[in-house]
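Comments concern the structure below.
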Amino acid sequence: MITSSNIISCNFSLPLKPRFSLSTSSIPPPKSLIPPPLNSIFRPKPSKTPSFFIKQNKGHLQLRRSSLNTEKTPQNPPVISSSSEEKELLGDGGSGGGGGGGGGEERDWTTSFLLFAFWAGLMYYVFFLAPNQTPTTDMYFLKKLLNLKGDDGFVMNQVLVSEWYIMGLWPLIYSMLLIPSARSSKSKIPVWPFVVLSCFGGAYALIPYFILWNPPAPLVEESELRKWPLNFLESKLTAGVTMAAGLAIVVYALSSGGDVWKEFYQYFQGSKFIHVMSIDFSLLSTFAPFWVYNDMTARGGKSSWLVPLSVIPLVGPALYLLLRPSLSLAPTTPKPTSDEK
C-alpha cells in the first residue's frame with residue numbers, strides 16, 4: 001500500500017500525503033521526477049547577441065543590426081567618439097548632392113538619367129543611323145565653308161551658309177548663359193571645357209554638362225566681374241554685336257527663295273554633314289529657353305517677359321542677353337560675419 005501511494009504521488013504536481021508515516025524525516029522525491037514550473041517552459045530565452053553591432057574601422061563607424069534577435073527591444077543610439085564620425089553617420093557630409101554640403105539632401109538623378117538616355121540614343125543615331133549618301137559632297141561643302149577651296153563658280157546654298165554661321169554664334173550665346181549663372185556649386189566639374197568643346201560639337205558636347213549640372217551656382221565676387229572671361233561675357237557690347245550678327249544672318253536666310261529652301265531640304269535628306277548640323281541647331285534652340293530662365297532667375301527674376309521670346313531661334317536668346325540686368329546689380333546673399341559663424 002505504501003509503495004503504491006509513492007508511485008501515485010509521482011504522477012501529480014502536488015504529491016499526496018501518505019496515510020501512514022513510517023519515519024520522522026520524509027525522503028524528498030528525486031529532482032528528475034519533479035516537473036518544472038510552467039513559466040520556465042514558456043519563457044523565451046534571451047538572445048546572447050546584442051541587437052546592434054558597432055564596428056569602428058579607421059575612423060568609420062558602421063552600424064549593423066543583428067538578424068538573430070527577433071524581439072522588439074528599444075533601440076539605443078550608438079556611441080560616437082568624435083564629431084566627424086557623427087556627421088558621417090547622420091549624412092551631413094553632403095555626399096548625396098554631388099559634394100559640397102547639401103545639408104544631407106540627396107540629389108534626384110531622374111532627370112539626369114533621362115537626359116543621359118536621350119543623349120546616348122542621339123549619339124547612336126548620329127554615328128550609325130543618320131543618312132550618309134553624299135560623303136564626297138559633304139567634304140566639298142566643308143572645304144567651301146571653311147574657305148579652303150577657291151572660287152570655282154559653284155554657288156553655295158544660302159540657307160546652308162546661314163546655318164553654318166549661326167552655328168558659330170551659338171557657343172558664344174551659351175557661354176554668356178552658362179557662365180556664371182549655370183556653374184555648379186555642389187560639383188567640382190567646371191563648365192568651361194564643355195563650352196569650348198561646343199565650338200566643335202555643339203549641343204552634342206553641351207548635353208553631358210547638362211546631365212552633370214548640380215545647382216545652385218556659387219556667388220560671384222565683384223573682383224571676378226573685372227577679370228576674363230566675365231568682363232567679356234557680361235559686356236553689353238558683346239551682347240549687341242551678337243544680336244546684330246544673328247539678326248543679319250537670319251534675315252539673309254529668310255530672304256532666299258522657296259527653291260533654295262527646297263534644295264536645302266534635299267541636302268538634309270541625303271547629306272550626313274547637313275543632317276547632323278541641322279539637328280544640332282534644333283537642339284540648341286530647344287534648350288536655350290530653359291537656360292534663359294535659369295539666368296534670369298539668378299539675376300533676381302527681372303525681365304521675365306523676355307523668356308517667352310527666347311523660343312525664337314538665336315534671336316530670342318540674343319535679345320535677352322542684350323536687355324538682361326547686370327550681374328553686379330543682381331541681389332546676392334551676404335556673407336556671414338565672424339560673429340554669425
Side-chain angles (χ1 to χ4, degrees), residues 98 107 109-132 135 138-139 141-143 145-146 160-215 217-218 228-230 232-233 238-239 242 245-246 249 268 271-295 298 310-311 313-318 320-321:
R107 177 182 178 182
W109 289 92
T110 305
T111 304
S112 298
F113 176 78
L114 294 176
L115 195 58
F116 173 77
F118 169 76
W119 178 76
L122 180 67
M123 298 306 295
Y124 181 82
Y125 175 82
V126 167
F127 285 103
F128 301 104
L129 300 179
N132 190 18
D138 291 349
M139 187 58 63
F141 285 161
L142 186 59
K143 290 181 179 180
L145 292 171
L146 292 174
L160 175 59
V161 174
S162 301
E163 186 179 42
W164 172 260
Y165 285 110
I166 285 176
M167 296 305 296
L169 291 177
W170 271 123
L172 178 58
I173 291 177
Y174 268 87
S175 299
M176 301 172 73
L177 289 175
L178 299 180
I179 304 175
S181 59
R183 294 184 297 178
S184 299
S185 61
K186 296 182 179 180
S187 175
K188 296 181 179 180
I189 301 176
V191 62
W192 66 264
F194 299 90
V195 172
V196 172
L197 290 176
S198 68
C199 298
F200 309 95
Y204 307 111
L206 285 175
I207 293 178
Y209 180 76
F210 299 165
I211 298 172
L212 301 173
W213 178 57
N214 195 7
W228 173 267
L230 288 185
F232 173 76
L233 298 177
T238 305
T242 304
I249 295 173
F268 175 79
S271 170
K272 187 172 186 176
F273 166 65
I274 299 177
H275 190 89
V276 172
M277 183 172 60
S278 300
I279 294 177
D280 189 11
F281 171 80
S282 302
L283 290 173
L284 293 171
S285 302
T286 303
F287 284 113
F290 172 80
W291 295 110
V292 167
Y293 175 79
N294 177 75
D295 185 79
S310 63
V311 299
L314 189 77
V315 178
Y320 166 78
L321 295 174

So the salt bridge (charged side-chain N to carboxylate O under 4.0 Å, His left out) pairs with at least one residue in residues 170-184 (sequence neighbours excluded) are Arg183-Glu224
Taking the six-membered ring where the residue is Trp, are the ring centres of Phe287 and Phe210 under 6.0 Å apart? yes
Let me confirm one number: the [atom1]-[atom2] distance from [X] to [Y], rounded to the nearest 0.5 Å.
| X | Y | atom1 | atom2 | value |
| --- | --- | --- | --- | --- |
| Leu146 | Phe141 | CG | CZ | 13.5 Å |
| Ile173 | Leu314 | CD1 | CG | 4.0 Å |
| Ile211 | Trp109 | CD1 | CH2 | 10.0 Å |
| Asn214 | Ile189 | CG | CD1 | 9.0 Å |
| Lys272 | Phe127 | NZ | CZ | 7.5 Å |
| Leu172 | Thr242 | CG | OG1 | 4.0 Å |

query = Going through the distances and angles, do Leu233 and Thr238 end up as a side-chain contact (heavy atoms from CB on, under 4.5 Å)?
reply = CA-CA 7 Å; Leu233 298 177; Thr238 305; 5.7 Å; no
Test item: [X] and [Y] side chains (from C-beta on) under 4.5 Å apart, heavy atoms:
| X | Y | result |
| --- | --- | --- |
| Ser184 | Tyr209 | yes |
| Tyr204 | Ile279 | yes |
| Trp291 | Leu206 | no |
| Leu230 | Ile179 | yes |
| Trp213 | Leu115 | no |

In short, side-chain hydrogen bond (donor to acceptor under 3.5 Å, both in side chains) pairs touching residues 117-131 with sequence neighbours left out are Tyr125-His275
Residue pairs meeting side-chain hydrogen bond (donor to acceptor under 3.5 Å, both in side chains), one or both in residues 160-181, sequence neighbours left out, come to Glu163-Ser278, Ser181-Asp295
Closest contact, heavy atoms only, [X] versus [Y]:
| X | Y | result |
| --- | --- | --- |
| Ala288 | Pro317 | CB-CG, 3.8 Å |
| Ala203 | Leu283 | CB-CB, 3.7 Å |
| Ala205 | Ser198 | CB-N, 4.0 Å |
| Ser310 | Val292 | CB-CG2, 3.9 Å |

Please check if the number of heavy atoms outside Met123 that lie under 6.0 Å from its CE is greater than 12. yes
TODO: Flag yes if more than 12 heavy atoms outside Phe113 fall under 6.0 Å of its CZ atom; otherwise flag no.
DONE: no
